Every structure is written in C-alpha cells, then in structure tokens.
4 protein chains.
Amino acid sequence: MSQQQSSKTAEAGAREGDRRRTILRAAIDVFARKGYHGCRIADVAKEAGVAYGLVYHYFKNKDELLETVFDACWSGFFTRVQAISEGEGTLAQKLQRITDVVFEAFRVDPRAVKVLVVEVARSPVGRVNRQTAFSDTLKLCSDMLVRAQAAGELREDVDPRLSAMLLFGTIEMGFTSLVMGVVDTKDSDKLEQAKQQIASSFLQGVLTQEAVSEVSWKKEREKSATRPKVAKRS
Amino acid sequence: MSQQQSSKTAEAGAREGDRRRTILRAAIDVFARKGYHGCRIADVAKEAGVAYGLVYHYFKNKDELLETVFDACWSGFFTRVQAISEGEGTLAQKLQRITDVVFEAFRVDPRAVKVLVVEVARSPVGRVNRQTAFSDTLKLCSDMLVRAQAAGELREDVDPRLSAMLLFGTIEMGFTSLVMGVVDTKDSDKLEQAKQQIASSFLQGVLTQEAVSEVSWKKEREKSATRPKVAKRS
Amino acid sequence: MSQQQSSKTAEAGAREGDRRRTILRAAIDVFARKGYHGCRIADVAKEAGVAYGLVYHYFKNKDELLETVFDACWSGFFTRVQAISEGEGTLAQKLQRITDVVFEAFRVDPRAVKVLVVEVARSPVGRVNRQTAFSDTLKLCSDMLVRAQAAGELREDVDPRLSAMLLFGTIEMGFTSLVMGVVDTKDSDKLEQAKQQIASSFLQGVLTQEAVSEVSWKKEREKSATRPKVAKRS
Amino acid sequence: MSQQQSSKTAEAGAREGDRRRTILRAAIDVFARKGYHGCRIADVAKEAGVAYGLVYHYFKNKDELLETVFDACWSGFFTRVQAISEGEGTLAQKLQRITDVVFEAFRVDPRAVKVLVVEVARSPVGRVNRQTAFSDTLKLCSDMLVRAQAAGELREDVDPRLSAMLLFGTIEMGFTSLVMGVVDTKDSDKLEQAKQQIASSFLQGVLTQEAVSEVSWKKEREKSATRPKVAKRS
DNA sequence: CATGAATGAGAGTTCATTCAT
DNA sequence: CATGAATGAACTCTCATTCAT
C-alpha cells in the first residue's frame, strides 16, 4: 500500500540532485499523515524512495528535519500575510485576502497546510522555531489590528492581542473544517461560501442585526460600566 | 531498591481503594505537563505514588488511560453545554453561559482543560471516543445554531455546522490564550474582559459599526449576488 | 558457541534477585573477551542469559555499566595495595606482597584482571573514574616510594613518580605475559618463578653484579656530573 | 553543499600524487588524538584535506589503514632496535641506545609514538600484523638478552623472554609517562634524567645497595631454595 | 584519479506491557 | 490487590563502505 517506487525504480521523481527536496516533500506528507510523533525516519525514507541513512545526510536529525518541514510550510504563509497586513486596504479587505491566501494554500498543498494546522499552532511544548514563528505571526496580526483600531475600524473595547489569537482560532478551525470534511472541498461554490463565512464571522459575528441590538440593550442594563463603547452603538 | 521517594502527591487521595481516581488525576496532571507522547506510564505511576504495574490493573493500556482522562474531562463539559444549549434564553445568553462554563472549568482545573485543548481536541489521528465526543458536541452546537437561525437570531447566510466549528475555534483559542499566557490569568478583571471579548467576538465580530457598513456597501457592488442577505441588513 | 544456558533455562545461576551481579559478571567476561568497544549490550545480556532491556534496568547506560565493571575490578585491588603500601615492612617486602596480590587476583579471576590490564591502564581517552582511580593508585605507590627513599631503601637519584609508573609498567607487563601466554600459567613452579622475577626485576634490575659495576664505572667517566649518587656506589 | 572549509592542513604536503602519504599522516594524527575507535574515516579525510572516498582509493578499509599506520610507525623503530640489539656493545649500552631511539622518536613525532603505545601495542584482539610485529620485536630483545646471559651480563635466574616483556613494559610505561605528562617534556634536563632512570631502572633496579643486601639476606633465610644464584651474589 | 552522495547494517536506548511473587 | 522486575519490539542515529559521475 505504501512503496510504489521501491529501490532501483525510484529515479522517477528524484533525478538530478534535489533529493533533499524529495525528502522534505516526503517528510511533509508523512508528517501530515501521522503527526510529529507518528512520523518515523524510516517512513520518510521509504516515502521518498531513498535509503534510510540519506535522510541523515541532508538533515542533522529528526528534529531538524521537522523543523525544516515546518519552516518550509510556514515561511511562505508568513511572507504573504505580512505583505497583506502591512499593505493597503481596510481591515475587512485584508482579512478577506488572508483568508484567500489560506484557502489557496490549501488548494495547492493541503498536506502542508495540515502540518501547520495540526502541528504548529497547538504543538505540545512547541519547539523553539515554531513558538517564535507563531509569536511573530501573532505580532503581525496584532499590529495590524492595532492600526485598524487607530483607524476606527476595530472596536475600541477589543484587545488586539487576544483578537489576533481569536482570528487564528477562527481561521485555523476553518482549515480544520476543510481537513475534517465538515466543508465539502469538492464543491467550489461551497468552498467559496465557507471562505466568506470564515472572514465575515470574525469581522461581523454571526448574529442578526436584531439579535445584536437585543444583546447590546441587555448589556447596557446588566453591565453598563464594562463595555461603554459597544453600548453606544445600539 | 531505587525509587523509595515516590510519595509526593500520594497520601492526599489514596485512602481506601480509590487508587483509580488517584491515578487518573495523576495522568491528567502529567498529560497537561508533558503531553500524551512525552508522558510515560512510569511518570503517571510516580506522580500518583503507586507502583508501576498498578496502572495496568485499572487501565488496559496507555490509550485507554488517555481515553478515560478524556472522558472524565469532557463529560462534565458536555453535560453542561447540553443543558445550556437546550435550555432557555437567547443565543447570546447561551453563548455567554457556555463561555462562563469554560472559564469556570479553567479556574477550577486548568490542567484538565489544558489536556482537552492541547492534547485531545486536536490530536493527530483521533481515537474513536474523542472523535465521537467531538462530533456529539459539534452536533449539539450545530442544533443550537439551527434553532437560533429559525428564531431569527443567527444570520441566514451562515452555515450552522461550519459556524459551530468556528465557535469551537474561537473558544478553544480563547483557552489557548489563557494557557499560553496571552491573557493574564491572575487579574480577574482582565479575565472577565477576555471572557466578554471571546463571546462578543463570535457573536458580533470585531468591526466597528462604521466599518461593517463599509464592508457591506463594498460587498454589494463587488459581489452583490454572493451575500445579499447581509448586504440588505446594513 | 556462546549461549549455553539460553532463555528459559537460565535460572541456574540467577535465582534470587542478584541479577545485577549476574549481569555485571557477564559484562566483565564479555569486556575481557572483546574489550570496551567490542563489548555490546546485546552480548552482555546474552552472556548473562537475560533480556536486552534488563541491562538498562540495572544500569543507566553502557558507560555506567562499564564504569561499574571497572570499579568492581579495581576497588579490591586498590584496597589491598593500599593496605600493603601503608603497612609495615621493607620496600622489597611490600613489592613482593603486591606482586602476590596481583598473581592471586589473576588466579582467582583472570578475566577481571584482564579488564584492568587491557582497558584501564591504557584506555584511549580514559573515562573520569578510570583516570582518577589510576591517579589514586599512582599516588599511593608514589608515596610509598617517597617513604622508601627517606628510609634509604630507594635510590636517591630516582624520581618516585616516574618510578611508580615504571612499577606499573613492570607489573602490568608481567600480567600481560600471563595473559598472552608468555608464561606458562599451568605450571605453578614457573608461575612462582615469574612472580619472583617481576618483583626482583623492578627492585634489583636484571644485570649481574659484574655488569652493574661495569656500567657504573663507565658512567663515572662519561657523565660524572649527571648521576653522582649512583656513581658513588661502584 | 555543506563542508567547504576542509583545507586546513591540506596545502602543505598534497602536491603531486603523494596523497597517500598525506592521508597516512592525517590518520596518525587523528588516531593519536581520538584513538582508533573514536576516529572516523571522515575525520581522516578532513584532516588530510581530501575527499571522503579517496581514502578508499589508497586503503582497502579502515583496518588496512590502521595496519599501515602501525607498520609505518613500527618499522622504523624495529629496524633501529634490530641494528642496536645485533650490534656491538654491552647490554647496558644497548639498552641506553634503545632508550635513546625511543626518546628521539618521541621528540620527532610524538603522535606516531602515541599511536604505537596507546592504540597498537595493547589493542584488544590484536590484528595479525601487530601481533607479528610485536612478537618479532620480542624475539629480537629476547635473543639479545640470551646473548647477554651467555656473556654473563644478564643474571642467570632471569628468564630472557619474560625479561624482554618486562623491558617492553618499562619502556612503554616510560613513554606513557611522557604522553600523560608525568614527565615534563618541555624541560630537556628532566627528559634526560627520565631517560636515564628508565634504562637504569630496568638494568639495576631501584633499590639502594644496602636495601638489596637486606633483601638477599632475608631471602636466603626465608626462601633459600628458590633463588640461590641471586642470594650468592650479595 | 577524485568526489561526495547513497547505502544499510548495527548499536544504544526507551518504554509499553506482562508476569511471578 | 499491589509490586516492580523482566521482556523485547521499535526507533534514532552512526559510520564503514560502495558507486555513479
């Protein structure tokens, strides 16, 4: 079920000298399939169609390999998000673009995205790089939200850092919905709708206008001191 | 001959025969501290102050132990959420209550919550029980949202299932913010604010009223066919 | 050729609970037979008739096992030599006793002695304990020689530290002669003679009285300044 | 793509085609520094500044490399010792000369000497060549001692073969003293003294004349039968 | 000759699981 | 029930050796 191209027939996808990339690719796949702890070097080698030891020719050890996997998956995402967050446009537009990037990434390389989703955001006792990368991206989004707040786009009563986290949570769970099959990824219409909903859920919430008013009105009486700005909006 | 000093947390709850609970408790703590894969049976036994092999008297194997830990942590949560979702009140109130439950759980037993959030909910290749429990809860929330939609509380353009997922994502990331220290858990004011923000973020989104109008206005011209209901409501 | 008492028939020599000693014994044997680098944990386990993992139950790792092997072999020797060197008697008597101890040790446990000879004295980049143990014993002998010098037993022109080293060299090579079969270890007369020769070689040298005179006489004329004390003796 | 900085000791002696010698030299150095088992082919190649695989052009395998290193180091020594032992002079003179050779060798190439002393002479499970070389040299010395005995220079009660071994032990431990720093190799006076002591220790022993008399006298009464010749000579 | 990528057999170590007491 | 010694499969990492270029 696994080794289609074994030993001597492996030249198909690894001709020149980019075995390194072959191995990395294989690592991403195995990683996505089995997770960090379930991913054994032997599996990666087999998946890549190379000898066991060769993995160690290109990567110092398992950790470095998986670190590299992570970097490879994350860096592209980070760069794009950075460009968007620091570029022109309203917060809503940026959010839309970020969601686009995410969905495009999923379309192009669902495994890589799965690695990010499953392993990175919520890694048990994350490795250094991952933590850093996560923090960096958090900072990025946090800054974006701070600017939006200054521009009057983001509600005043919202903590940008926490909000950035919640943004991650929303997007990540959006992914997970794709990965887990909650959303039908074959139907591009459904996919598009899901994309819209993820962005708008974070931006505008899920309530109807009427329900929002109701909330605000009750809030005003119950805890008027806590969230004055929101109350204003009713 | 070697480890005599294993009775640290032992005397507390290991009186008559509820060693089982002692072990379970220890397992939760160790899982929370080291994660599933980083946790050895030996660690659990030591933490519980019992003999190595005793763990296997009460639990068939490591997986069953994890399963039980999960059930123990999850069942209480599920019951409460069920009561709330099927009880009286507006969607917003229910959401508020669910968030309350979550935060209360965190206050009472942060480790158990951490296990649920970090280890169980997003475990690679989830075990049967977990998947089921997760699906059950998803259904619960999904139904709640369907009812809310029927009552005109939930926007019509929202898919309840996906929305239930996003709710999970928001709440879960809210947790993670606590666990990771993004939110200061010592300051009960900050904690209260965070709680409010998590609920309101999901319910009403993060945009200001003005920004929402802007979005809707642009949306109308750009993609008028896609989300007519939302546009209408501005 | 190796596993006489395999798997289930191994109770013979390892009944109660002193498996640890069984393993240590096996380690000594394998160590003596194959040396430090040639000695694999699998071999030790097989030799001891226990499971692979049990070795790690009793010893943290290979190094600790071999360190223990070394200590076990050396400590007895060190204690005896210490008692002798700090006890009563002339230097010659002490030397004789030390040689006796050495030969007795060889008679009782030739493998343990071989371990000491092959691995300890001349270990490549010796482990800490070994170096220390060696240094300690060197100090012991060195001190003994210093006292002998003060008592007029040891020649004045001899450096005690270097002399202690040479003593080691002589005794060690005496061992090696036994181990390598230069001396017939079956013939107890030959063995006794060898013992005498080793001690007397170090104490009185190998030259005849006449040859010694000759040397001293030539020395006097050639290098009179260098070794005046010796010259005196002609 | 990784280790370009491998040309440290390279340019020196790797001109035309004597790469072989370069590699051999490098092997000696690495052996001396890390010992046989601690030395990887990669290390040797790096030290020599040549490609990994080239080592295998010149040497069949690691063992042959070691063998060659050994031969290269030993043959010179053997030839010189042979010339001395079969040449003119008293035993004492020959011994002195041999010690001179040894010390000179150490002065010229301490690493090579270290390899011989530490790695080769006492290797566990010696290779054929080494055993042979060692035996040859032993025979050489043994014969020399037999002739000396015939000439009345060597005591009658001494077994020449064992004595040759002890000579090795003494000289070898003399080396070791240099290598281990027991003797200060910077101070040429100390070095000279050490050389004298090594030779004289073997030839005349370490006891003073008085102590020797004492030994012989006691010996006579205690074990009169065992060593009559020695006793006679006092 | 030269190169260094590729191979794969070991060896050490861990740890879930079993079992005799 | 309780204990912890015993087992051995699984996995990572190393490195001598080969081989295509």
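So that the names make sense, note that chain A is the first sequence line, chain B the second, and so on, each numbered from 1. Since the structure is predicted, the reported quantities are computational estimates derived from the model, not experimental observations.
- One can place NZ of D:K46 at 12 Å from P of F:dC15, the figure rounded to the nearest angstrom.
- To the nearest 0.5 angstrom, B:H37 atom NE2 is 9.5 Å from B:L66 atom CG.
- Atom pair D:D43:CG and F:dA16:C1' shows a separation of 13 Å (rounding to whole Å applied).
- To the nearest 0.5 Å, atoms CZ (C:F70) and CZ (C:F134) are separated by 9.5 Å.
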*What do the steps show when you test B:Y58 against B:L65 for side-chain contact (heavy atoms from CB on, under 4.5 Å), and what is the final call?*
CA-CA 9 Å; B:Y58 291 108; B:L65 178 58; over 6 Å; no
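- Salt-bridge check for B:E67 with B:K62: failed, with every basic side-chain N at 4.0 Å or more from each acidic carboxylate O.
- Listed by chain and number, the residues in a side chain to side chain donor-acceptor pair (under 3.5 Å) with A:D109 are A:R25 (sequence neighbours excluded).
- Residues B:R111 and B:V30 form no side-chain contact, since every pair of their non-hydrogen atoms from C-beta on lies 4.5 Å or further apart.
- Between the P atoms of F:dT21 and E:dC1, the separation comes to 23 Å (whole Å).
- The minimum heavy-atom distance between D:C39 and D:F31, with the atom names listed, is SG-CE2, 3.1 Å.
- For E:dC1, the OP1/OP2 oxygens have no side-chain nitrogen or oxygen of D:R19 closer than 4.0 Å.
- Applying the 4.0 Å criterion to OP1 and OP2 of F:dA2, one finds that B:R20 has every side-chain N and O outside that range.
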*Can you check each nucleotide of nucleotides 8-15 of chain E against protein heavy atoms at under 4.0 Å and return B for base, S for sugar-phosphate only, - for none, in 5' to 3' order?*
B--SBBBS
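- Distance D:H57 NE2 to F:dT18 P: 12 Å, rounded to the nearest Å.
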_Only Watson-Crick and G-U wobble pairs with both distances less than 3.5 Å should count. Give DNA chain F in dot-bracket notation, marking inter-strand partners with |._
.||||||||||||||||||||
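- Residues C:I23 and C:V44 approach most closely at O-CG1, 3.8 Å, considering heavy atoms.
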